[in-house]
There are 2 protein chains.
Amino acid sequence: MALERNTAQRRAILDAIVKTDRPLTPDEILQAAREAVPRMGMATVYRAVKALEASGKIVAVELPGEGRRFEAAGKKHHHHFHCRGCGRMFDLHGCTGNFQALLPAGFRMEDHEVFLYGQCRECSRNR
Amino acid sequence: MALERNTAQRRAILDAIVKTDRPLTPDEILQAAREAVPRMGMATVYRAVKALEASGKIVAVELPGEGRRFEAAGKKHHHHFHCRGCGRMFDLHGCTGNFQALLPAGFRMEDHEVFLYGQCRECSRNR
DNA sequence: TGTTAACTGATATCGTTCTCTCATTACCAC
DNA sequence: GTGGTAATGAGAGAACGATATCAGTTAACA
């Protein structure tokens with residue numbers, strides 16, 4: 001079904017995601033992929049992203065109050081930083097958690113997420 | 001301007017939020033408030049919630065990929081648990097974080113969020 | 001190279017959350 | 001009480017991300 005053909009668009013989209021070390025919004029993906037295929041449309045991004053996600057090549061990252069972003073699959077466990085200056089999302093490395101301690105009796109934890117908010121390097125400098 | 005009159009609707013809405021120890025969606029607020037004012041409409045919930053938030057009586061909580069929820073302001077620092085069984089959000093108490101350690105050089109952290117996912121007490125039991 | 005079905009881009013449409021409009025209701029200062 | 005006006009309820013509508021449609025294009029395989 002999906003993603004059977006190796007088109008310039010899909011190569012550009014996967015490339016954009018894999019070569020960037022932070023999660024990208026569909027819009028950021030479109031901007032990046034248009035450097036290779038200038039007339040690409042948004043629908044193509046959504047179609048490719050859906051197929052790439054289904055095939056396990058990329059994963060979705062969601063930030064509270066924001067749309068979905070996508071990054072390459074297979075990275076080791078990590079969390080994210082959201083810059084309030086430029087709105088970009090960055091990868092953090094490692095995880096300090098002992099989150100089991102927060103869990104009320106009887107609750108079962110399957111997963112956890114940590115988000116840090118603040119100013120990225122560039123935005124820290126520019127003020 | 002807003003929230004100048006003490007109406008039954010606004011009392012019911014603030015009551016619903018304050019008396020529940022977990023963040024509520026606008027829909028959950030409407031359901032709860034309708035026990036006091038059966039014919040209440042959704043717009044009233046949104047209007048009241050907006051005014052209550054502006055006045056600092058409640059705060060918004062956002063979960064990745066979900067709409068906004070609201071809880072009483074003034075609670076001490078805490079995080080949230082999202083049950084994948086029933087979809088409800090619960091308060092956790094305390095915070096284990098030493099998140100500064102995750103921060104890349106040059107980044108400035110202003111805030112952090114932790115979300116745990118899994119099954120709440122009831123949903124753990126019912127399976 | 002030719003055939004054909006998958007893919008593409010443009011646009012319309014969706015679904016969800018939230019806001020607006022407006023006629024009616026009801027709070028509250030007097 | 002009464003009047004002025006903020007607040008309400010119901011439904012329309014905006015905003016947004018995401019999906020469907022469809023005619024035209026192109027990869028892949030013989």
Side-chain angles (χ1 to χ4, degrees), chain A residues 1-17 23-55 57-71 80 82 87-89, chain B residues 1-17 23-55 57-71 80 82 87-89:
Chain A
M1 47 169 293
L3 211 77
E4 296 185 348
R5 291 187 182 172
N6 179 21
T7 66
Q9 286 87 342
R10 291 178 175 185
R11 262 179 277 126
I13 288 167
L14 183 54
D15 252 46
I17 295 170
L24 298 177
T25 62
D27 215 66
E28 286 173 327
I29 294 169
L30 180 61
Q31 298 315 315
R34 273 186 172 159
E35 295 189 5
V37 185
R39 298 181 47 78
M40 189 183 298
M42 200 48 158
T44 299
V45 172
Y46 278 107
R47 279 187 289 240
V49 145
K50 194 175 186 181
L52 286 165
E53 193 185 5
S55 76
K57 289 200 182 71
I58 66 174
V59 294
V61 181
E62 303 201 57
L63 191 73
E66 304 252 321
R68 281 150 54 92
R69 293 163 200 245
F70 299 89
E71 66 180 357
H80 297 100
H82 186 235
R88 289 182 300 178
M89 199 164 171
Chain B
M1 49 167 294
L3 210 77
E4 296 184 348
R5 289 186 184 173
N6 179 22
T7 65
Q9 286 86 344
R10 291 180 174 183
R11 263 179 276 124
I13 288 166
L14 183 54
D15 253 45
I17 296 171
L24 298 176
T25 62
D27 215 66
E28 287 172 327
I29 294 169
L30 181 61
Q31 298 314 316
R34 273 185 172 159
E35 296 190 4
V37 185
R39 297 181 48 78
M40 189 182 298
M42 199 48 154
T44 298
V45 173
Y46 278 106
R47 280 188 287 239
V49 144
K50 194 176 186 180
L52 287 165
E53 193 186 6
S55 75
K57 289 201 182 71
I58 66 174
V59 295
V61 181
E62 304 201 59
L63 191 74
E66 304 251 322
R68 283 150 51 94
R69 292 164 200 245
F70 299 89
E71 67 181 355
H80 297 100
H82 187 234
R88 287 183 300 176
M89 197 165 174

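Chain identifiers are assigned alphabetically (A, B, ...) following the order of the sequence lines, protein sequences preceding nucleic acid strands; residue numbering begins at 1 within each chain.
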Exercise. If you pin B:T7 and B:G67 to their nearest nucleotides in DNA chain C, which one's is more 5'?
Worked result: B:G67

For this session: Output the single nucleotide from D:dG9, C:dG9, C:dC28 whose closest atom is nearest the side chain of A:V37.
Result: C:dG9

For this session: Figure out the CD1/C1' separation between A:I29 and D:dA18, and round it to whole Å.
Result: 13 Å

Exercise. Is it true that a side-chain atom of A:R10 and a backbone atom of A:A48 form a donor plus acceptor pair closer than 3.5 Å?
Worked result: no

Exercise. Base, sugar-phosphate, or nothing: which does B:R47 touch, judged by heavy atoms less than 4.0 Å apart?
Worked result: base

Exercise. Hey, does the side chain of B:T44 come within less than 4.0 Å of D:dG9's phosphate (OP1/OP2), counting only N and O?
Worked result: yes

Exercise. With respect to the phosphate group of C:dT25, does any side-chain polar atom (N or O) of B:R39 fall under 4.0 Å of OP1 or OP2?
Worked result: no

Exercise. Are any of B:R5's side-chain N or O atoms less than 4.0 Å away from OP1 or OP2 of C:dA29?
Worked result: no

Exercise. Would you say B:R10 reaches D:dA7's phosphate, i.e. side-chain N/O to OP1/OP2 under 4.0 Å?
Worked result: yes

Exercise. Hey, which of these two, A:V45 or B:Q9, hits DNA chain C nearer its 5' end, going by closest nucleotide?
Worked result: A:V45

Exercise. With sugar-phosphate meaning primed atoms plus P, OP1 and OP2, does B:M42 contact a base, only sugar-phosphate, or nothing at under 4.0 Å between heavy atoms?
Worked result: nothing

Exercise. Distance check: side-chain N/O of A:Y46 vs OP1/OP2 of D:dT19, anything under 4.0 Å?
Worked result: no

